[in-house]
Number of protein chains: 2
Amino acid sequence: MASLGELERAVMDLLWAGHEAATANTLRDMLATSTEAKGDAAGHEGKELAVTTVLTVLSRLEKKGLVERERGTRPHRYQAVSSREEHTAELMHEVLGSAPDRAAVLAQFIGSVTESEAETLRKLLGHV
Amino acid sequence: MASLGELERAVMDLLWAGHEAATANTLRDMLATSTEAKGDAAGHEGKELAVTTVLTVLSRLEKKGLVERERGTRPHRYQAVSSREEHTAELMHEVLGSAPDRAAVLAQFIGSVTESEAETLRKLLGHV
DNA sequence: TCAACTTTTCTACGATCCGTAGAACAATGA
DNA sequence: TCATTGTTCTACGGATCGTAGAAAAGTTGA
């Protein structure tokens, strides 16, 4: 109930990266130039999208609770409801929460974490 | 690229729970009775599905790499490729992996973990 | 070997989601 | 008030999923 499409994700990435509230037009331009000019790998973006397209995805993202907009200003300004980190962590909890044996999942999870991440975790858990 | 539909999930739950390889017929019966007779909350299951329906989802799950089948025996027998825990942990890694700042996500994640889970994690990380 | 039955594969349809955008409507500025 | 800019409505095509019939393939008792 919170999976994103490719364009939706691209928009969230911009909102998360930028980040102050942005208008649909700004986002359209950003989408047109982002990841472009790299000439390298699969140039995902670089398409000149119609503004209505951007507005549609923004509405959908709003409905999903990922984005909120200021309706006061005229060109509405959109921003992410939570940071990418919060959102991602929340997703992780969602995934974890759907399991009957959380401890076992955590064990499995920790088992395949890089050493540096393990170190990060140890610090975060600050075992006294 | 690994999100499951409602029925697909129900089938995986059975394969993960039961858990020896099962035939499509067995699964159909299990789906019909599982979560039924509870008369309580939303009785999700309890539908008598057509066997072909079950076979279809099993094929799709196979294509997704979540299920494998023994083609030798005649009623093919299906089983989960990995345990629910492995799968869930993998999903968590997938979610985490898509973030630029993994450490920040982990911090956020740890921040909202229950104390008992924090304890579990400390043990798993075996300080020192 | 053949008919009857079981199992699997093929094909398909409706619902929902997502990318995409035109048409229509609303606000704003001159 | 009119032209411009921004927003909402409506819609369509592709993909995924629940659902299952039709057809093909395999199995088995006689």
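Letters go in sequence order (proteins before strands), and every chain restarts at 1.
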Nearest-Å distance, [atom1] ([X]) to [atom2] ([N])?
{"X": "B:L49", "N": "D:dG18", "atom1": "CG", "atom2": "P", "value": "10 Å"}
{"X": "B:L61", "N": "D:dT16", "atom1": "CG", "atom2": "P", "value": "14 Å"}
{"X": "B:M12", "N": "D:dG18", "atom1": "CE", "atom2": "P", "value": "13 Å"}
{"X": "B:R28", "N": "D:dT19", "atom1": "CZ", "atom2": "C1'", "value": "14 Å"}
{"X": "A:E6", "N": "D:dT16", "atom1": "CD", "atom2": "C1'", "value": "16 Å"}
{"X": "A:R77", "N": "D:dG6", "atom1": "CZ", "atom2": "C1'", "value": "14 Å"}
{"X": "A:L55", "N": "C:dA24", "atom1": "CG", "atom2": "C1'", "value": "15 Å"}
{"X": "B:R69", "N": "C:dT8", "atom1": "CZ", "atom2": "P", "value": "7 Å"}

Of the listed nucleotides [options], the one nearest the side chain of [X]:
{"X": "A:R60", "options": "C:dT8, D:dT19, D:dA11", "result": "D:dA11"}
{"X": "A:R74", "options": "D:dT27, C:dT20, D:dT7", "result": "D:dT7"}
{"X": "A:E8", "options": "C:dG19, C:dG22, D:dG18", "result": "C:dG19"}
{"X": "A:T56", "options": "D:dT8, C:dA21, D:dA20", "result": "C:dA21"}
{"X": "A:K64", "options": "D:dC17, C:dC18, C:dT28", "result": "C:dC18"}
{"X": "A:H76", "options": "C:dT8, D:dT7, C:dT20", "result": "D:dT7"}

Looking at every heavy atom in both B:E8 and B:K64, which two are closest together, and how far apart are they?
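Minimum heavy-atom separation between B:E8 and B:K64: OE1-NZ, 2.9 Å.
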Distance test, side-chain N/O of [X] to OP1/OP2 of [N], below 4.0 Å:
{"X": "A:N25", "N": "D:dT5", "result": "no"}
{"X": "B:R71", "N": "C:dT9", "result": "yes"}
{"X": "A:T53", "N": "C:dA21", "result": "yes"}

Applying side-chain hydrogen bond (donor to acceptor under 3.5 Å, both in side chains) to B:S112 and A:H93, what does each step give before you reach the verdict?
CA-CA 9 Å; B:S112 45; A:H93 274 293; 3.0 Å; yes
Assess whether salt bridge (charged side-chain N to carboxylate O under 4.0 Å, His left out) is satisfied between A:E85 and B:R102, documenting all intermediate values.
CA-CA 8 Å; A:E85 289 72 30; B:R102 299 161 71 92; over 6 Å; no
Mind checking if B:S59 touches a base, just sugar-phosphate, or nothing, with heavy atoms under 4.0 Å?
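If one applies the 4.0 Å heavy-atom cut-off, B:S59 turns out to touch nothing in the nucleic acid.
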Please work out if B:R9 contacts a base, only the sugar-phosphate, or nothing of the nucleic acid, heavy-atom cut-off 4.0 Å.
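Nothing, no nucleic acid heavy atom in range.
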Salt bridge check, B:D13 against B:R84: does any charged N sit closer than 4.0 Å to a carboxylate O?
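B:D13 and B:R84: salt-bridged.
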With DNA chain C as reference, determine whether B:Y78 or A:V57 sits nearer its 5' end, using the nearest nucleotide of each.
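With B:Y78 and A:V57 compared, the 5'-side residue is B:Y78.
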Run B:T23 and B:T26 through side-chain hydrogen bond (donor to acceptor under 3.5 Å, both in side chains) and show every step you take.
CA-CA 5 Å; B:T23 69; B:T26 312; 2.7 Å; yes
